[in-house]
Amino acid sequence: MSTSKGGAAKGGGGKKKEVKKETKLGMAYKKDDNFGEWYSEVVVNSEMIEYYDISGCYILRPWAMEIWELLKEFFDAEIKKLKLKPYYFPLFVTENVLQKEKDHIEGFAPEVAWVTKSGKSELEAPIAIRPTSETVMYPYFSKWIRSHRDLPLRCNQWCNVVRWEFSNPTPFIRSREFLWQEGHTAFATKEEADEEVLQILELYRRIYEEFLAVPVSKGRKSEMEKFAGGLYTTSVEAFIPNTGRGIQGATSHCLGQNFAKMFDITFENEKGVREMVWQNSWAYTTRSIGVMVMTHGDDKGLVLPPKVAPIQVIVIPVPYKDADTTAIKGACESAVYTLNQSGFRADLDTRENYSPGWKYSHWEMKGVPLRIEIGPKDLANKQVRIVRRDNGAKVDIPVTNLVEEVKVLLDGIQKNLFKTAQEKRDACVQVINTWDDFTTALNNKRLILAAWCDEEEVEKDVKARTKGELGAAKTLCTPFEQPELPEGTLCFASGKPAKKWSFWGRSY
């Protein structure tokens, strides 16, 4: 929380009125009243980002980077079990290589940033900054893969990419430069590629549901929404009830043999015959942090699931007049030490120029899951007061039970955040059968499940007919978990026989 919004209390003993005023600082906007302004305020006041002087670029501060590192730690360990190897490829790509795969470059053309000068000299040929790395990597896959013995080739890099052209930049959600991991793999058979697509997608589901406590739907993208140049795209899709918008959480693509053909990535099989490889690419980004903020944040600021909170427990001394401050501080230090030794991420706020009330607001703004308060009464009773960030519940517990109680509470918060988010998301799902129902549901900020004929022209038509200030509706994904489709069910948009249920809505 920014201290520039008001002076800090001197010590803990300012006038009551003054302290109260300071502790009420914080959020100027409410989540339900002005979601956009609320979100911008949360990510700045919680010290996740700082705005930068180039539109769409942001400084990621430690509070955001530590969350990213916790997600990275989990994902990296899992993909290493799948024998993925770490690589790093250059940021730059030549124009002729980038344009080798026509559909691919057309899909990214408006977003590609180009370097045209070195100092004051014009470059002989412009060089692109990677919007994604297929065309950077695959000329070298062609060089490294010769025989079936070289397969599978499985690489991953953690890096940044740049995608320039867009309107309405939003921290984490839509930024010109963002951090991600990108996995690129090559196999001898389609079966191996298909299997990996779903293995990775399940890891993405786990990142969202088990770590970020955000419910997602696993499914397949329509032909119109799939990755440019790929065979098919699967994704995990989240939904933000406040805005009524879907948001693509992560994607796992089967590229088929298209890039293999363009970049001549072939191998000699066991019978001595040359074949093209089957390829995948997959990625998730720092957008995941933004989805978490939007899902759980409230009018006090950020709310962090314990699994990704850089600090899970903040300990705050609460000295009153004439209290034994040395003993209170000692009890606080002891609690932090005990928790850290037991594997929790705990810290102590001993800043003397802020009142306890100001500190409560500050750490609530930053979303720390548990706050421990220790004052003279707690010291005398050999207890601590614990306050939950998710629901504000307070409980006094004996110091001897500290570790066990903190574990139970953190597990409870993680589960409660997911359950609450799931209930809110599920309450937005609306099954529709007609065009009128579709437009009504869309305007009511619903996540729409509709029977569809699976024709690209129909999807284009839906986009055109719903175009407006809030953006057009499109397919989000066809969920793998398909409800029963009764015989004779018709497409909501075309009246033709329906082939599948798909999620539709506006999206980020």
Kindly determine whether F172 and V291 satisfy side chain to side chain contact (heavy atoms under 4.5 Å, CB included), including the steps that lead there.
CA-CA 8 Å; F172 299 114; V291 176; over 6 Å; no
Quick one: are Q199 and L82 in side-chain contact, heavy atoms under 4.5 Å?
yes
Give the intermediate values and the outcome of salt bridge (Lys or Arg N to Asp or Glu O under 4.0 Å) for residues E404 and K407.
CA-CA 5 Å; E404 295 80 0; K407 184 182 187 323; over 6 Å; no
In terms of side-chain geometry, is the basic nitrogen of D76 or K80 positioned less than 4.0 Å from the acidic oxygen of its partner?
yes
Is there a side-chain contact between L302 and W63, using heavy atoms and a 4.5 Å cut-off?
yes
Please report, to 0.1 Å, the donor-acceptor pairs under 3.5 Å made by any side chain of residues 396-403, with sequence neighbours excluded.
residue	atom	partner	partner atom	Å
D396	OD1	R385	NE	3.0
D396	OD2	R385	NH2	3.4

Can any side-chain N or O of T466 pair as donor or acceptor with the backbone N or O of A473 at less than 3.5 Å?
yes
Residues, nucleotides or ligands: over 12 heavy atoms within 6.0 Å of Y320 OH:
no
Ring pair (Phe, Tyr, Trp, His ring centres under 6.0 Å): pairs with one or both residues in residues 417-437, sequence neighbours excluded
W435-F438
Side chain to side chain contact (heavy atoms under 4.5 Å, CB included) for I372 and L339? Distances and angles first, verdict last.
CA-CA 11 Å; I372 289 181; L339 290 169; 4.1 Å; yes
Would you say the side-chain atoms of S235 pair up with the backbone N or O of E237, donor to acceptor, closer than 3.5 Å?
no
Would you indicate whether the side-chain heavy atoms of I49 and R61 approach each other to under 4.5 Å?
no
Quick note, side chain to side chain donor-acceptor pair (under 3.5 Å) partners involving residues 287-307, not counting sequence neighbours, are D298-R389
Residue pair H253 / S281, side-chain donor-acceptor N/O under 3.5 Å
no
If only atom types and distance count, is the side chain of R176 paired as donor or acceptor with the main-chain N or O of R163 below 3.5 Å?
no
Using side-chain heavy atoms (C-beta onward) and a distance below 4.5 Å, is I386 in contact with V406?
yes
side-chain hydrogen bond (donor to acceptor under 3.5 Å, both in side chains) partners of T285, counting only residues at least two apart
none
CG-CD distance between L447 and Q430, expressed to the nearest 0.5 angstrom
10.0 Å
Does a side-chain heavy-atom distance below 4.5 Å link Y58 with P169?
yes
Could you check K221 against Q248 for side-chain hydrogen bond (donor to acceptor under 3.5 Å, both in side chains), going step by step and ending with a plain yes or no?
CA-CA 10 Å; K221 289 286 195 184; Q248 184 175 283; 3.0 Å; yes
Do the side-chain N and O atoms of H362 and E364 include a donor-acceptor pair separated by under 3.5 angstrom?
no
Is it true that T185 and E196 share a donor-acceptor pair across their side chains at a distance under 3.5 Å?
yes
With heavy-atom distances below 4.5 Å as the criterion, would you say the side chains of F239 and K424 are in contact?
no
Validation row: R351, W358 side chains within 4.5 angstrom (heavy atoms)
yes
Taking E47 for the side chain and V44 for the main chain, is one N or O donor matched with an acceptor at less than 3.5 Å?
no
V303 side chain near V293 side chain, heavy-atom distance below 4.5 Å:
no
Ring pair (Phe, Tyr, Trp, His ring centres under 6.0 Å) partner of Y284, the single match among F75, F178, W180
F75
Donor-acceptor under 3.5 Å (N444 side chain, R446 main chain):
no
Taking the side chain from S342 and the backbone from T338, do they hold a donor-acceptor pair closer than 3.5 Å?
yes
Basic-acidic side-chain contact under 4.0 Å: R345, E66
no
Less than 4.0 Å between a side-chain N and a carboxylate O, is that true for E69 and K72?
no
Do R506 side-chain atoms and K474 backbone N/O form a donor-acceptor pair below 3.5 Å?
no
T475 side chain to E225 side chain, donor-acceptor N/O pair below 3.5 angstrom
no
Are the side chain of E182 and the backbone of W282 linked by a donor-acceptor contact shorter than 3.5 Å?
no
Quick check with a 6.0 Å cut-off and a 45 degree axis cone: is R371 positioned over the face of Y360's six-membered ring?
yes
SB check K463 E459 (cutoff 4.0 Å)
no
Out of curiosity, I54 CD1 to S175 OG, how far, rounded to the nearest 0.5 Å?
13.0 Å
Which value, rounded to the nearest 0.5 Å, describes the distance between L348 atom CG and C332 atom SG?
5.5 Å
Got a sec, which pairs hit side chain to side chain donor-acceptor pair (under 3.5 Å) with one end in residues 29-40, sequence neighbours left out?
D32-N242
Please lay out, stage by stage, how R220 and C477 fare under the test side chain to side chain contact (heavy atoms under 4.5 Å, CB included).
CA-CA 5 Å; R220 184 162 165 158; C477 75; over 6 Å; no
Between Y88 and W158, does the ring centre distance come in under 6.0 Å?
no
Taking atom types as modelled and ignoring hydrogens, do the side chains of D437 and T434 form a donor-acceptor contact shorter than 3.5 angstrom?
yes
Check step by step if side-chain hydrogen bond (donor to acceptor under 3.5 Å, both in side chains) holds for Y508 and N168.
CA-CA 10 Å; Y508 281 94; N168 306 320; over 6 Å; no
Spacing of T234 atom OG1 and I200 atom CD1 [to the nearest 0.5 Å]:
10.0 Å
Would you give me the side-chain donor-acceptor pairs under 3.5 Å for residues 201-219, sequence neighbours excluded?
residue	atom	partner	partner atom	Å
E202	OE1	R205	NE	3.0
E202	OE1	K218	NZ	2.7
E202	OE2	R205	NE	3.2
E202	OE2	R205	NH2	2.8
Y204	OH	Q181	OE1	2.6
Y204	OH	A283	N	3.0
R205	NH1	E209	OE1	2.8
R205	NH2	E210	OE2	3.4
R206	NE	E210	OE1	3.0
R206	NE	E210	OE2	3.3
R206	NH2	E210	OE1	3.4
Y208	OH	G249	O	2.8
E209	OE2	V216	N	3.0

Quick one: do V315 and V384 satisfy side chain to side chain contact (heavy atoms under 4.5 Å, CB included)? Show the steps, please.
CA-CA 10 Å; V315 180; V384 300; over 6 Å; no
No-hydrogen, no-angle side-chain donor-acceptor test under 3.5 Å, S502 and T478
yes
Look at the side chain of T489 and the backbone N and O of L485, then say whether any donor-acceptor pair between them is shorter than 3.5 Å.
no
F480 atom CZ, neighbour heavy-atom count above 12 within 6.0 Å
yes
Quick one: does W68's side chain have a donor or acceptor within less than 3.5 Å of a partner on L179's backbone?
no
